[in-house]
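Structure record follows, encoded as structure tokens.
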Amino acid sequence: MLSLFFLMSVGCSYDEQLPQANISGTLVIPREAATRTVLDPITGEASEVTDSRFIGPVYLGAFPSITELDYGYAHPEMGPVIQADIEGNTYPYGGGSVGRFDFACFEYLACRTPTGRFSDYEDLLGFFNNVVGDPVQDAFGNQVVSAGYFQAVCYDLFEITADYEMEWISDVSDYEGQKLDRLDFVENADGDFEAPFDLWRVNYAPGMKLWGWMDAPTDLDFGVANQRYKFATCNEQNGQQNNEYNNDFVYGVTQIDLLNFPGRYIGGGDWVVGLDDVVSVDADTAEDYRANPQEITVRIASKVE
Amino acid sequence: MLFLLSIFGCDRSGEEYVPKSVDGYEGVAVLGEVTAIARDDLALYDDRRDLISYSTLTLPREQLFGGATATFVADGGTYCVLVDPEAVTWNQSVDFETPSEIYIKKDNTSDDGDLDLSVGLSANYTGTPGYQMGNFEQAYEDSLGAQVTVNTNECALVGSRGQTGAHSGRATPEFCEIDTTLHPGREYTIAMDTWSLPLDDDLLSFGLAVIEGSCDGVQDAARVTDWECVIPGESCPPDDADCNAREGSFAAMEYAYCNLVQNVFCDCALNPSEDNPSCNTCTTGSIGFALVGDELTVSPLCASEGFVADLNANLCAAD
């Protein structure tokens with residue numbers, strides 16, 4: 001009995017010597033990245049609007065080095081090119097995101113709703129209907145204006161009974177009534193936007209560099225380009241299928257190779273970590289890093305032209 | 001009762017589900033260097049039989065993974081690499097969902113095998129052709145000295161849900177495009193790993209074609225509507241004299257299926273033409289084809305030079 005007690009007591013002190021570490025820090029997005037020119041839906045007048053809901057999903061990774069050799073912006077080093085027309089793999093050590101695509105109940109919103117951006121139904125409807133100027137439509141082509149109707153459609157579609165079951169709703173309470181503040185970004189004293197980030201279980205390499213980018217939404221254009229408000233990092237052809245009754249669409253899903261082949265998805269208007277803002281993680285080993293985590297702030301302040 | 005059950009429980013060993021090695025055949029085969037086939041040479045059945053590489057595999061005698069390798073030298077263009085393992089063609093479907101009893105040949109569910117295809121630069125291939133199968137994985141060291149295993153297999157097979165690294169199922173052709181722009185004049189290795197052997201004879205026959213250009217339009221060039229038909233008669237390599245006896249009427253059934261005249265295999269007694277339009281040749285006679293025993297006979301007109309079977313109308317047409 002005593003020996004069992006002894007074993008139990010020392011069992012908790014075993015260090016697995018894992019070569020991984022969780023990298024956490026603060027992400028800063030400049031105010032300009034959350035500012036867009038929008039048209040007033042009634043007067044047609046153009047105006048500059050700054051709104052954290054314009055901040056698209058942000059992808060962060062740890063890489064061996066960052067360079068500007070192959071693109072007009074800072075990007076991770078790449079491994080060998082194996083096939084023509086396919087860039088080399090960056091072989092990241094790990095990564096994560098601040099915000100991911102979630103399906104907000106209507107086909108019209110597939111690939112357009114990152115998590116951590118919208119408080120609730122009214123917040124999302126207000127953004128698309130009044131700020132973006134691309135009103136939300138239901139399955140019958142009617143504009144959605146009622147939060148109650150929105151909620152009813154969601155509950156019916158997902159067969160759920162509470163708002164907290166949908167990740168895209170951020171300002172919500174859980175089943176015990178505990179407030180869940182899932183909004184990612186807050187405005188800081190400089191007028192920029194900050195959010196915490198976590199990169200779980202990164203394969204640790206001393207000297208690795210943190211780099212990432214923000215996928216900015218495309219400009220709305222109902223003219224010749226016929227371009228809607230959407231994101232390049234979402235795969236509109238894949239994801240969960242919905243074939244209930246007359247439905248025939250997919251929910252969309254985040255592309256699977258964003259950190260391995262970022263050059264496929266970064267385009268004009270997106271924001272990346274510039275060379276001057278690259279953060280180096282310098283502890284000698286993962287164990288050292290876990291014992292003394294570095295204070296990290298990552299700035300995504302370089303706009304891709 | 002338990003005693004009775006235990007007696008019957010021991011009456012089979014399950015050995016029939018374990019493939020064996022067959023004398024006279026190799027488990028790890030080398031097809032050597034194959035020549036790319038021009039698209040214009042795909043049109044005729046006999047030409048394809050001549051130009052496509054066929055072989056037969058059995059279980060390796062040593063405890064090794066089986067398969068076959070071939071090579072081709074790239075000219076900087078794009079190639080379509082296609083492998084078709086036997087057999088899949090049947091005549092009487094016995095599955096539960098879509099049973100069909102109008103034909104006379106039952107499906108042999110044990111004559112199907114599976115090969116997994118990969119293609120890459122020969123310099124990156126880790127196997128020893130003819131002795132041990134390998135892969136295209138190479139070590140890569142990044143600028144911080146971290147080692148990464150890089151798969152240089154260039155045969156990108158995409159699954160039904162868009163995922164890469166997929167392979168076709170049993171007896172189904174696999175094909176991919178190889179863009180050799182980066183390595184003109186270099187040798188590429190085609191590795192076909194044995195995934196499963198047919199249990200009826202422990203022999204997996206297959207056909208391999210390296211076709212110039214992309215995979216788009218290959219079926220049109222071969223005048224077929226199914227990838228299964230691009231490589232004809234893969235169950236019986238042309239130089240395997242014993243094969244027809246072993247495989248029965250597979251080649252004839254495949255020929256009939258690919259030329260849309262499968263109705264020559266109709267069970268006329270079970271399905272008279274007035275009840276089953278697809279069996280109308282049972283009473284009106286076949287148009288350009290006839291079944292004699294296990295052999296499908298092409299009419300003299302269709303078989304003569306300058307004529308081909310019209311795939312859409314089941315007629316002989318001028319080539």
Side-chain angles (χ1 to χ4, degrees), chain A residues 19-21 61-67 69-70 75-94 202-211 234-241 250-257 259-261 264 278 280-286, chain B residues 74-81 117-126 135-166 175-191 213-215:
Chain A
Q20 286 113 21
F63 302 91
S65 74
I66 308 300
T67 174
L69 283 175
D70 297 291
H75 63 87
E77 76 170 45
M78 295 185 282
V81 173
I82 295 166
Q83 289 175 277
D85 300 327
I86 298 178
E87 63 267 48
N89 195 317
T90 63
Y91 300 113
Y93 299 133
V202 174
N203 289 316
Y204 193 85
M208 64 185 180
K209 308 291 186 290
L210 301 185
W211 175 91
C234 188
N235 183 343
E236 294 177 288
Q237 315 300 324
N238 228 324
Q240 186 174 334
Q241 275 192 313
V250 292
Y251 293 173
V253 68
T254 303
Q255 298 280 6
I256 60 172
D257 52 2
L259 293 178
N260 297 78
F261 298 97
R264 291 180 183 176
V278 169
S280 185
V281 183
D282 292 323
D284 286 341
T285 65
Chain B
D75 69 354
T78 298
Y79 297 86
C80 180
V81 179
L117 176 67
S118 54
V119 184
L121 282 171
S122 293
N124 291 336
Y125 187 61
T126 62
N135 56 44
F136 293 95
E137 289 180 353
Q138 293 290 319
Y140 161 71
E141 192 174 289
D142 69 25
S143 63
L144 289 180
Q147 293 267 344
V148 183
T149 300
V150 176
N151 192 342
T152 63
N153 168 32
E154 297 182 41
C155 183
L157 292 161
V158 180
S160 60
R161 293 182 180 274
Q163 76 277 21
T164 54
F175 56 92
C176 57
E177 282 178 16
I178 304 299
D179 181 349
T180 66
T181 308
L182 296 176
H183 307 290
R186 301 294 181 193
E187 185 188 80
Y188 281 72
T189 288
I190 302 163
S214 80
C215 291

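Just so we're clear, the structure is a prediction, and the values are computed from it rather than from any experiment. Just so it is clear: chains get the letters A, B, ... in the order the sequence lines come, proteins before strands, and each one is counted from 1. Hydrogens, waters and symmetry mates are skipped; everything else that's a heavy atom, side chains included, is used.
Looking at A:Gln83, the atoms closer than 4.5 Å to chain B (heavy atoms on both sides) sit in the backbone and in the side chain alike. Neither the backbone nor the side chain of B:Asn124 comes within less than 4.5 Å of any heavy atom in chain A. In this structure, chain A has heavy atoms under 4.5 Å from both the backbone and the side chain of B:Val150. Only the backbone of A:Met78 comes within less than 4.5 Å of a heavy atom in chain B; its side chain stays farther off. Proximity to chain B is absent for every atom of A:Asn203, based on heavy atoms less than 4.5 angstrom apart.
Side-chain contact between B:Leu144 and A:Tyr93: present, with at least one pair of heavy atoms (C-beta onward) separated by less than 4.5 Å.
Across B:Leu121, B:Asn151, B:Asn153, B:Thr152, the residue that shares the most heavy-atom pairs under 4.5 angstrom with chain A is B:Thr152.
In B:Arg186, the CZ atom is not crowded: 12 or fewer heavy atoms of neighbouring residues, nucleotides or ligands sit closer than 6.0 Å. Counting non-hydrogen atoms of other residues, nucleotides and ligands closer than 6.0 Å to CD of A:Gln237 gives a total of 12 or fewer.
How far OG1 of A:Thr90 is from CG of B:Asp142: 10.0 Å, rounded to the nearest 0.5 Å.
Listed here is the closest heavy atom pair of B:Asp179 and A:Ala84: OD2-CB, 3.5 Å. The two residues A:Ile82 and B:His183 come nearest to each other via the heavy atoms O-NE2, 4.5 Å.
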